[in-house]
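Keep in mind that the numbers below use all heavy atoms, side chains included, and drop hydrogens, waters and symmetry copies. Remember, predicted model here, so these are calculated numbers, not experimental data.
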Amino acid sequence: MKTIIRFFLTLIIFSAATTSCWTPPDYSPVPEIVFNSMDKFEVIEPFSQSKQDSVVITIDFKDGDGDLGESTDNRNNPNYGTWGNYELRTFRKVSGNQFEEVILAANSKIFFPVLKPDRKRGPIEGKLDYAVYFPYARNARMTTVKFQIRIRDRALNVSNAVESDTISVPLLL
């Protein structure tokens with residue numbers, strides 16, 4: 001019996017010591033992002049059955065007040081302007097180290113969902129994946145591209161911009 005009591009007392013003391021020492025991270029309320037990785041998969045578009053490349057871009061994020069993401073009800077808010085809460089700019093290689101922006105309709109107004117469903121204020125960090133598709137079409141050429149990404153929170157604070165590695169995808173020119 002003494003052993004059981006000691007065990008539970010040790011467990012309670014250990015739990016109190018570990019939870020009382022934890023302090024939440026002190027992140028800025030302005031989101032901060034870092035490019036993590038990019039993967040390419042060949043997929044079949046379900047409706048047309050045509051082949052396309054799916055490029056999944058992963059970024060790491062930190063936000064001090066956790067107000068990242070938007071509900072579908074608020075995505076028409078005019079304060080978001082032309083790019084929603086996830087901005088993806090595509091640049092194609094033209095020569096040497098020279099790139100020029102390619103305007104893709106799929107990149108026009110992108111949103112990701114609310115990342116803290118309870119919406120309680122507090123720091124949040126994690127990974128955010130976004131997939132962009134490049135169909136293999138008769139007029140498409142394999143082209144080296146890179147991406148520039150920014151996000152913004154519901155208070156309209158805009159993160160830093162990060163740039164991806166380069167990758168070759170079919171692109172209509």
task: May I have the step-by-step check of side-chain contact (heavy atoms from CB on, under 4.5 Å) for F91 and E101, ending in yes or no?
output: CA-CA 4 Å; F91 296 86; E101 186 169 8; 3.6 Å; yes
What distance separates [X] [atom1] from [Y] [atom2], expressed to the nearest 0.5 Å?
{"X": "L68", "Y": "I124", "atom1": "CG", "atom2": "CD1", "result": "6.0 Å"}
{"X": "K93", "Y": "T143", "atom1": "NZ", "atom2": "OG1", "result": "11.5 Å"}
{"X": "T82", "Y": "N107", "atom1": "OG1", "atom2": "CG", "result": "11.5 Å"}
{"X": "D60", "Y": "F35", "atom1": "CG", "atom2": "CZ", "result": "10.0 Å"}
{"X": "K109", "Y": "N76", "atom1": "NZ", "atom2": "CG", "result": "6.5 Å"}
{"X": "Q148", "Y": "L88", "atom1": "CD", "atom2": "CG", "result": "9.5 Å"}

Flag the pair [X] / [Y] as yes when at least one side-chain heavy-atom distance between them is below 4.5 Å, and no otherwise.
{"X": "R92", "Y": "T90", "value": "no"}
{"X": "P31", "Y": "F61", "value": "no"}
{"X": "D63", "Y": "Y27", "value": "no"}
{"X": "E32", "Y": "N160", "value": "yes"}
{"X": "V145", "Y": "I167", "value": "yes"}

Would [X] end up clustered with [Y] when hydrophobic side chains under 4.5 Å apart are linked, directly or stepwise?
{"X": "L128", "Y": "Y80", "value": "no"}
{"X": "I59", "Y": "Y130", "value": "yes"}
{"X": "F99", "Y": "V132", "value": "no"}
{"X": "I151", "Y": "M38", "value": "yes"}
{"X": "V30", "Y": "I33", "value": "no"}

Between [X] and [Y], which heavy-atom pair has the shortest distance, and what is it?
{"X": "S71", "Y": "V114", "result": "N-CG2, 3.6 Å"}
{"X": "K40", "Y": "V169", "result": "CD-CG1, 4.2 Å"}
{"X": "D67", "Y": "A155", "result": "OD2-N, 3.4 Å"}
{"X": "P29", "Y": "N157", "result": "O-ND2, 3.6 Å"}
{"X": "A140", "Y": "P170", "result": "CB-CB, 4.0 Å"}
{"X": "Q52", "Y": "P135", "result": "CB-CA, 3.5 Å"}

Keeping [X] on the side-chain end and [Y] on the backbone end, is there a donor-acceptor pair under 3.5 Å?
{"X": "R152", "Y": "G84", "value": "yes"}
{"X": "T58", "Y": "N36", "value": "no"}
{"X": "R154", "Y": "E70", "value": "no"}

- prompt: Would Y136 and D53 satisfy side-chain hydrogen bond (donor to acceptor under 3.5 Å, both in side chains), going step by step from the backbone distance to the final call?
  reply: CA-CA 8 Å; Y136 283 86; D53 281 346; 3.0 Å; yes
query: For residues E45 and Y133, is any side-chain donor paired with an opposing acceptor at under 3.5 Å?
result: no
task: Would you verify whether the NZ or CZ of R89 falls within 45 degrees of the ring axis of W83 while also being under 6.0 Å from that six-membered ring's centre?
output: no
message: Using a 6.0 Å cut-off, check whether atom CZ of R141 has over 12 heavy atoms from anything other than its own residue.
response: no
field: Atom CG of D26: over 12 foreign heavy atoms under 6.0 Å
entry: no
